[in-house]
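A quick note: this is a predicted structure, and the numbers were derived from the prediction, not measured. Naming convention: chains lettered A, B, ... in sequence-line order (proteins, then strands); numbering from 1 in each chain.
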Protein chains: 2
Amino acid sequence: MEVRRIEPCCAPITDEALSAEQSQELARAFKVLSDPVRLRLLSLATAAPTGEIRAADLVAPLGRSQPTVSHHLSVLADAGLLLRDQRGREAWFRPVQERLAVLRAALGE
Amino acid sequence: MEVRRIEPCCAPITDEALSAEQSQELARAFKVLSDPVRLRLLSLATAAPTGEIRAADLVAPLGRSQPTVSHHLSVLADAGLLLRDQRGREAWFRPVQERLAVLRAALGE
DNA sequence: ACCAGATATAGACAGGCGTCGATATGTCGG
DNA sequence: CCGACATATCGACGCCTGTCTATATCTGGT
């Protein structure tokens, strides 16, 4: 999907007009959030009691195949929204609040 | 694109896990923001001195055809992010801050 | 009435993306 | 070592979406 790490790129879109490059970068970021599976993964990671989730535990609740879940986790990790922690053969993920904050800030206020 | 009016649908994704339906609705909303042309239209509307923009004035700056611009304006209007004001043969648009606030709230805090 | 301007609609095309099954890679336990 | 488990990668398929040209619709002025 051509995912890039989400970085602060511009003033809130309520403040001033975006350049072509800025709008492209922001659009890429929002595209990461534009899939229901990824949003659920993100919310499940945040809602987890321990603050982290294991990839294998997500396949059943999401009703998607293991490769599909793995794919979406990679997209979220590439964007910096999830931090991957490999422990032996298991992959654990925890959310990175600062990345979400970047997008929230881009929406104004 | 199956665009629906953006409405408050759920607690911030930082607070609790999303249901399948909630994640689908949120994903639809973010999909509207996942295109650079639409983000620019939105920011141009907000940055306009008078607080509104005319469709015809957006074709040249965006470098897209008139039908393409018209299409994206419709998507934004269907989502409720822009309010359409038809004046004779001209179409004027003004941003609706509350819709953006809904998405900002969904990102937490 | 007519013409020019502004916008919307229709249809077509290409590229992108989510999804899957099959398979590879890597890891732990016995 | 070897088998079971966890995850990643590959290749393919189908749908969705952004884009265009061409055309229709509507409005305002002359």
Q: For residues B:L107 and B:F30, report the shortest heavy-atom separation together with the two atoms involved.
A: CD2-CZ, 3.5 Å

Q.
Within residues 26-41 of chain A, which residues have any heavy atom lying less than 4.0 Å from an atom of DNA chain D?
A. none

Q: Could you tell me which non-hydrogen atom of B:A27 sits nearest to which non-hydrogen atom of A:L39, and how far apart they are?
A: N-CD1, 3.4 Å

**Q.** Start and end of the DNA chain D segment that chain B contacts, any atom under 4.0 Å from a heavy atom
**A.** D:dT17 to D:dG28

Q.
Apply side chain to side chain contact (heavy atoms under 4.5 Å, CB included) to residues B:C10 and B:E16 and explain how you reach the verdict.
A. CA-CA 9 Å; B:C10 43; B:E16 49 183 89; over 6 Å; no

Q) Are A:R4 and A:E25 close enough, and set up right, to give a side chain to side chain contact (heavy atoms under 4.5 Å, CB included), and what steps lead you there? A) CA-CA 8 Å; A:R4 297 194 195 173; A:E25 183 172 350; over 6 Å; no

(Q) Protein within reach of the bases, or only the backbone? For nucleotides 3-9 of chain C, mark each nucleotide 5' to 3' as B, S or -, using heavy atoms under 4.0 Å. (A) -BBSBBB

Q) Listed by chain and number, what are the salt bridge (Lys or Arg N to Asp or Glu O under 4.0 Å) partners of B:R89, not counting sequence neighbours? A) none

Q) Do you know the tightest heavy-atom contact between A:L18 and B:R40? A) O-NE, 3.2 Å

Q: Quick one: list whatever passes salt bridge (Lys or Arg N to Asp or Glu O under 4.0 Å) with B:E52, sequence neighbours left out.
A: B:R87, B:R94

Q) side-chain contact (heavy atoms from CB on, under 4.5 Å) with A:L81: which of A:L42, A:V75, A:V96, A:L41? A) A:L42

Q. Which residues pass the salt bridge (Lys or Arg N to Asp or Glu O under 4.0 Å) test with B:R5, sequence neighbours left out?
A. B:E7

Q) Under 4.0 Å between a side-chain N or O of A:S65 and OP1 or OP2 of C:dC20? A) yes

Q | Minimum side-chain heavy-atom gap B:T46-B:L100 below 4.5 Å | A | no

